[in-house]
Each structure stands twice: as structure tokens, then as C-alpha cells.
> 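Starting off with a structure, shown below.
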Amino acid sequence: DSGVTQTPKHLITATGQRVTLRCSPRSGDLSVYWYQQSLDQGLQFLIQYYNGEERAKGNILERFSAQQFPDLHSELNLSSLELGDSALYFCASSIQGQNSPLHFGNGTRLTVT
Amino acid sequence: SQQGEEDPQALSIQEGENATMNCSYKTSINNLQWYRQNSGRGLVHLILIRSNEREKHSGRLRVTLDTSKKSSSLLITASRAADTASYFCATDAAGTGGFKTIFGAGTRLFVKA
């Protein structure tokens, strides 16, 4: 068990809808990362937060947004969903913002129909 | 992009044999990490090697780093069926949009019992 909790585990929704994915980092970790993994693909970096502040940004779509709250949990909001957004969304946390191992949750599997 | 690229894409070996996976990256790095992913699950951190290190061991794992060639290798000795998984390298370096941890596309390892 990595200590990182992601909810929900599965999400099925229709195109055009909006969903929120939630992540609770491992106790003591200040940094949260979000990744997208499409079927049989590598992980695409979306965004990273450190102690509530945005630290780094990847190729995150404008339809997607995220934030890290004072209690360090994070939410990833996906809006105007398209079929191509169907993927596994992983949250990871680390103690520092860089140069430290990432601890991954088990992901949220999003299916857009 | 600073994304690592693993080679080979897939590898099938017999139990007891050694498995070697390679990773190449494009720009200077602070460290390189290897992760393992069982199908549909979150990634698990295996080992982190810093840019000033050349080799690191952890149990049956041996990682080498050659910064002059911008490459790393992961060796799993005496493989077991339970080692069947995807293996990813990740590089941690500064770039446009901040400091990011970027993953390669992975090597799928299948160990036959």
C-alpha cells in the first residue's frame, strides 16, 4: 500500500460532462502529481503541486484543471469530456517537489461514452 | 521533451534468466528513477540513481547510469514469473513549465514459468 488514496476507482460518464477526481497524498508528502495513462500507453504528465502551489505543468488541456488544498489533498477537474479522455488517471505524491521517489495511487479509470 | 525512451518495448524470457532494459533520455538530468507497473495498477518505485552515481543495486536489481551517453539500464537477475510487469524509467529535470518528472513509454516484461 503506497499510502496514496484516489477516489473514485471507476467513473463512467457521457461526453460533454464534467467530473472531479480526488487524491489524498501519503502522510507527510507535500507534493502531488497528476498523470494520464491511455490504454497501453506511457504516462503523460499533467500537473504538479507543492504545498498548495502549482509547481510544474505538462500538456494539460484547458478543459482540465487541478488544485491542491490546504490539507494537501488534490482534485483534478475534467470538463467537456470527450471520448479520447477515457484513460487511467494517476495521482502520485512525494516528500519534496523534486529529486525524491513518487508514490502512486491505484488510479481512477475514467470511461467516457 | 525530456522523456525517456525504453528499449526494448517488450521482452519475453524464461524464469531464472536475466532481463535487461534500457532507457535513453534527451537532456541533462538530476536523477533517473525506475518504476514497475503491474497491469492496471499504480506504479511502484524501484530505485533512484543520481546524476553523480554510476551504478546502484537493490536486491536482484542493478541500475547503471551513463550521463555521457544519456542512458541507463535496469538489470533484473534470476527473474521470476512475479517480475512480469511493465517497467518505466523517469527523469527529473527542469524544463518549460517547471521541474517535471517525465516517464518513458515503458518496457513490457513477460517471464515464463
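Proteins come first, then strands; the chains are lettered A, B, ... in the order of their sequence lines, and each starts at number 1.
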> Is atom CZ of B:R60 surrounded by more than 12 heavy atoms (other residues, nucleotides or ligands) closer than 6.0 Å?
yes
> At their closest point, which heavy atom of A:S74 faces which heavy atom of A:V32, and how far apart are they?
CB-CG1, 3.7 Å
> Kindly say whether A:F104 contributes a backbone atom to a donor-acceptor pair with the side chain of A:S2 at under 3.5 angstrom?
yes
> Counting the benzene-type ring for Trp, do B:F103 and A:F45 have ring centres under 6.0 Å apart?
no
> With only heavy atoms counted, which part of B:L48 is less than 4.5 Å from chain A, the side chain, the backbone, both or neither?
side chain
> Which of residues 7-17 of chain B have a heavy atom under 4.5 Å from any heavy atom of chain A?
none
> By ring-ring contact (aromatic ring centres under 6.0 Å, His included), which residues pair with A:F69, not counting sequence neighbours?
A:H73
> Between B:S86, B:S39, B:G42, which residue shows the highest count of heavy-atom pairs closer than 4.5 Å to chain A?
B:G42
> For B:Q37, is it the side chain, the backbone, both or neither that has a heavy atom under 4.5 Å from a heavy atom of chain A?
side chain
> If we ignore angles and hydrogens, is there a donor and acceptor under 3.5 Å between the side chains of B:Q33 and B:Y35?
yes
> Can you tell me if B:E53 uses its side chain to pair, donor with acceptor, with the backbone of B:R50 under 3.5 Å?
yes
> Using heavy-atom distances under 4.5 Å, tell me whether A:L88 contacts chain B through its side chain, its backbone, both, or neither.
side chain
> For the pair A:D85 and A:R63, evaluate salt bridge (Lys or Arg N to Asp or Glu O under 4.0 Å) and give the outcome as yes or no after the intermediate values.
CA-CA 10 Å; A:D85 297 328; A:R63 300 184 287 108; 2.8 Å; yes
